[in-house]
Amino acid sequence: MPAAVLTGWRAVRWWFRGVLGADAYERYLAHHDRSGHDHPPMSEREFWRARTDHQERNPQGRCC
């Protein structure tokens, strides 16, 4: 039973991270690796700053 609970918890955590966008940096790194860029990826801090700046310049329907 504990293994099933742990598996369930991981699935719920994975789903919430996806819904909230908390996994965006990990997805960015995976995309960067697959795309074969010749420059290093942005740091996590640079990524979130660029993402926030983009959202401020291009507001879309969002709750907050």
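If you're wondering where the values come from, they're calculated on a predicted model, not measured in any experiment.
Sorted by first and then second residue, the salt bridge (Lys or Arg N to Asp or Glu O under 4.0 Å) pairs with a member in residues 41-52 read Arg49-Asp53; sequence neighbours excluded. Sorted by first and then second residue, the salt bridge (Lys or Arg N to Asp or Glu O under 4.0 Å) pairs involving residues 29-39 (not counting sequence neighbours) form an empty list.
Connectivity analysis of hydrophobic side chains (ILVMFWY, heavy atoms under 4.5 Å, direct or indirect) links Phe47 to Tyr25, Tyr28, Leu29, Met42, Trp48.
Qualifying side chain to side chain contact (heavy atoms under 4.5 Å, CB included) partners for Arg10, counting only residues two or more places apart in sequence or in other chains: Leu6. Taking the side chain to side chain donor-acceptor pair (under 3.5 Å) definition, one finds that Thr52 meets it with nothing, sequence neighbours left out. With sequence neighbours left out, His37 forms a ring-ring contact (aromatic ring centres under 6.0 Å, His included) with His32, His39.
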